Number of protein chains: 4
Amino acid sequence: MGTTQSPRSDTRARIVAIALELFSAQGYERTSLREIADRLGVTKAALYYHFKTKEDIVHGIVETTAAPIDELIVWGREQPWTPEVRDELIRRFAAGMNERAPLLRFFQENQPALRDLPAGQEFRDRMIALVRLVHGPGAGFEDRLRAMMSLFTINSALFLLYQDKRPEVDRYVGDIPVPEVTREEAIEAAQHVALEICRLIDRPAPTD
Amino acid sequence: MGTTQSPRSDTRARIVAIALELFSAQGYERTSLREIADRLGVTKAALYYHFKTKEDIVHGIVETTAAPIDELIVWGREQPWTPEVRDELIRRFAAGMNERAPLLRFFQENQPALRDLPAGQEFRDRMIALVRLVHGPGAGFEDRLRAMMSLFTINSALFLLYQDKRPEVDRYVGDIPVPEVTREEAIEAAQHVALEICRLIDRPAPTD
Amino acid sequence: MGTTQSPRSDTRARIVAIALELFSAQGYERTSLREIADRLGVTKAALYYHFKTKEDIVHGIVETTAAPIDELIVWGREQPWTPEVRDELIRRFAAGMNERAPLLRFFQENQPALRDLPAGQEFRDRMIALVRLVHGPGAGFEDRLRAMMSLFTINSALFLLYQDKRPEVDRYVGDIPVPEVTREEAIEAAQHVALEICRLIDRPAPTD
Amino acid sequence: MGTTQSPRSDTRARIVAIALELFSAQGYERTSLREIADRLGVTKAALYYHFKTKEDIVHGIVETTAAPIDELIVWGREQPWTPEVRDELIRRFAAGMNERAPLLRFFQENQPALRDLPAGQEFRDRMIALVRLVHGPGAGFEDRLRAMMSLFTINSALFLLYQDKRPEVDRYVGDIPVPEVTREEAIEAAQHVALEICRLIDRPAPTD
DNA sequence: GATGAATGAGAATTCATTCAT
DNA sequence: GATGAATGAATTCTCATTCAT
């Protein structure tokens, strides 16, 4: 008792959830509104009650899912840049990975569709913002690149994990056995490597 | 030497070229066969004379564009794994970047469409093969991840370069000025960072 | 009695009606969805709201038109086989001929298209079922053939009637005048001949 | 020695043969010129050297395959009509069945496509001519129908034979076992039944 | 006698979207 | 909050046909 009816209907939230799931699994263009509606047990027209367009659903996704990233950005801006803060940004980014994975996958694998969407641009801006927080002010191109790679490491780990499950790959390199890793181990490894990479920032590097 | 390239079906080659250009610029699903045909000054049906389906065009693209990568793989397999060979793989990969950029972009940004395509799988297999050559036999998950990030660095540099041209981004981090960099400088920097990353392989790393 | 036919989706029924008309008059493959839609005054897409595919329309046709045949089959199975029941099957089959003619024509003249369709197979199964009811249990091949010819006689009469209207035919047999017959007379004659044929079943036949 | 090069090339004859095979097996509209060309090991364009259009191939088929029927018609016209001649027509028609089966099947199952073709009309005219020869001059509608059913019996036997091979049919009539029959037995039975039917001509029939 | 390259017309199908109820 | 019915615009693909070589 005393439970308040959640602001904006429950259906709206379910649409967002299912849409993100399908968009990230099959791609934005390959997911039709009918498919989303079917999964929800409603009609297509119902979706239009909650969202003006298909693109608008993407907006809804970002709105409801990107909050943790925004908080991270806000936190980052409040800190003065130090190596410790930089490391902490990476750690916090890695921490939320499990929930954020579909969102990031969606954005990485659907660039062509998202490029023109306002929601897509907003999301990219967030990522760029994170990159800047990681490398700090006054960084050169190389450091910016290091920061970006550091952040990307997190999702890439999941991609690699997924690939390792496909045995056919071996025909290209012979029978080098690939280690079995759990999802949790993968994320931990990712954090580790990501930290390594971001720590390359501002180091004197060896000559090639 | 002296081999004359038989000019049979110049059209087929032009289809491949235009298709790659459009697929990488606008995305696979957002590029219609009409668009490709128009750009070539032929009818849609002409495309179907040369390729059985739209998917088959992707196959044609891989076939004609992935040769340098295959050569790199072949070369890599002939060498015993050493840190020097590893570095050389990265350097050679970076070297062909300018021509290969559209192909890589196409494959990174159109995963949902390419996932089911045989051509898409072949290409991913090639990338995984490269990853394995970079980290060498018997590597653990972390080293595999390092190898992959190292290779990804090359394209990511171009992505970053492209983003930096968009001024709106700044609203999220304030007015930190972003350094102006040419494409050539970007690729050079990418090679540099990529080498750094791949040299993390097998190093004793600091604790987090 | 007094059951009101719910008028929900009058359009669906109209599609089925027009489709059967066109399919039987021009053939399944020569009838495009555009043609059906035009005749209905709707767009092609409207057809797809009611039927998943063109083939599905055939299913719809069978579903709505084959009921009388099913009833006949049901009735036939309830009776023990006797010559009288056999004759009555033929009579009842002939009776519904006028409404059923387009359906039967459609199925006889579009075998190649219908062979793979589930709906086509269902319909053939019904006809075979009727054949078996006519010849009764334990019949040999000849009786099965007699039963089939008996049933086919009904539609064949309409085919013959139609042919007789074409005067060019005569060049092959000279000017033998062909009797003028009405559609009703034709069906009556057909029933008569059909009964004759089915009565050949199980008779001792003369040697050739 | 002394073998004369067949009039009109060998390829032309092969086209006709393959086309008839495919048209009768899959249907006229479902058989593309590419398919025919592929089966012959030539290109589509080669077909156009021998035939002006796809329809023209049908003409070629009739021309080369219908000769036996024409001879039968010629023979029939030379005889005065008697019951013996009538029976002999049926017997001769049945005799050539094995070779003629594809042609008849083609014409029976592709009416919509053949209706407008001159070649299709010619063929129908031949069948009508045969019908008239069977029932003789001055026959009424019923006798014409009997004559037609008699002739149709021959092909129908093959249709029935084919259906009996499909076990799923049983669901409609229960497990009445269907006798196993060879193709030769089927044709013989067909001739038998056909003769029975044509002997109904001009008989005083029982009242229904 | 035949091919390679191309075309024009049209087909089935899909999809985001709209709107009266 | 939602549905049923429909649309318009596009898409991929197929096919008979043509013609220079």
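Since the structure is predicted, the reported quantities are computational estimates derived from the model, not experimental observations. Order of the sequence lines sets the chain letters (A, B, ...), proteins ahead of strands, with each chain counted from 1.
Between D:E55 and D:R115 there is no salt bridge, since no side-chain N of the basic residue sits under 4.0 Å from a carboxylate O of the acidic one. Contact check on A:E21 versus A:R105 returns no salt bridge, with no Lys/Arg side-chain nitrogen under 4.0 Å from an Asp/Glu carboxylate oxygen. Ion pair C:R30/C:E35 not flagged as a salt bridge, since none of the NZ, NE, NH1 or NH2 atoms sits closer than 4.0 Å to an Asp/Glu carboxylate oxygen.
Each of A:V42 and D:E29 was matched to the nucleotide of DNA chain F holding its nearest heavy atom; the match closer to the 5' end belongs to A:V42. Heavy-atom distances to DNA chain F give each of C:L47 and B:R34 a nearest nucleotide, and the one nearer the 5′ end belongs to C:L47. Mapping B:G41 and C:T53 onto DNA chain E by nearest heavy atom places B:G41 at the nucleotide closer to the 5' end. Toward the 5' end of DNA chain E, the nearer of the two residues B:T43 and A:Y28, judged by each one's closest nucleotide, is B:T43.
Going from atom CZ of D:R14 over to atom C1' of E:dG1 covers 13 Å, rounded to whole Å. The distance between atom NZ of D:K44 and atom P of F:dA16, rounded to the nearest whole Å, is 8 Å. Put simply, NZ on B:K54 is 17 Å from C1' on F:dT14, counting in whole angstrom units. Between C:K52 atom NZ and E:dC15 atom P there is a gap of 13 Å when expressed in whole angstrom units. When the P atom of F:dA5 is taken as reference, atom NE2 of C:H50 falls 6 Å away, rounded to whole Å. E:dT7 atom C1' lies 16 Å from atom CG of B:L33, rounded to whole Å. Straight-line distance from the CZ atom of B:R30 to the C1' atom of E:dC15: 13 Å, rounded to whole Å. Taking atom CD on A:E35 and atom P on E:dT14, their separation rounds to 12 Å, with Å as the unit.
Regarding contacts with the backbone of E:dA11, a side-chain N or O of C:S32 is found under 4.0 angstrom from either OP1 or OP2. One finds a side-chain N or O of D:T11 lying less than 4.0 angstrom from the OP1 or OP2 phosphate oxygen of E:dA2. Using a 4.0 Å cut-off, no side-chain N or O of D:Y49 falls inside it from OP1 or OP2 of E:dG1.
Consecutive Watson-Crick or G-U pairs involving DNA chain E, each under 3.5 Å on both distances, make up stems of three or more pairs at E:2-21 with F:2-21.
Contact annotation: the side chain of D:R34 approaches that of D:D38 to within less than 4.5 Å [non-hydrogen atoms, C-beta and beyond]. A 4.5 Å side-chain heavy-atom check between B:I36 and B:F23 finds at least one atom pair inside the cut-off. Within the 4.5 Å cutoff, the side chain of A:H50 has heavy atoms near those of the A:T11 side chain.
Within the cation-pi definition used here (under 6.0 Å to the ring centroid, within 45° of the axis), C:K54 does not qualify as a partner of C:Y48.
Comparing F:dT7, F:dA2, E:dT18 by their closest approach to the side chain of A:Y48 singles out E:dT18.
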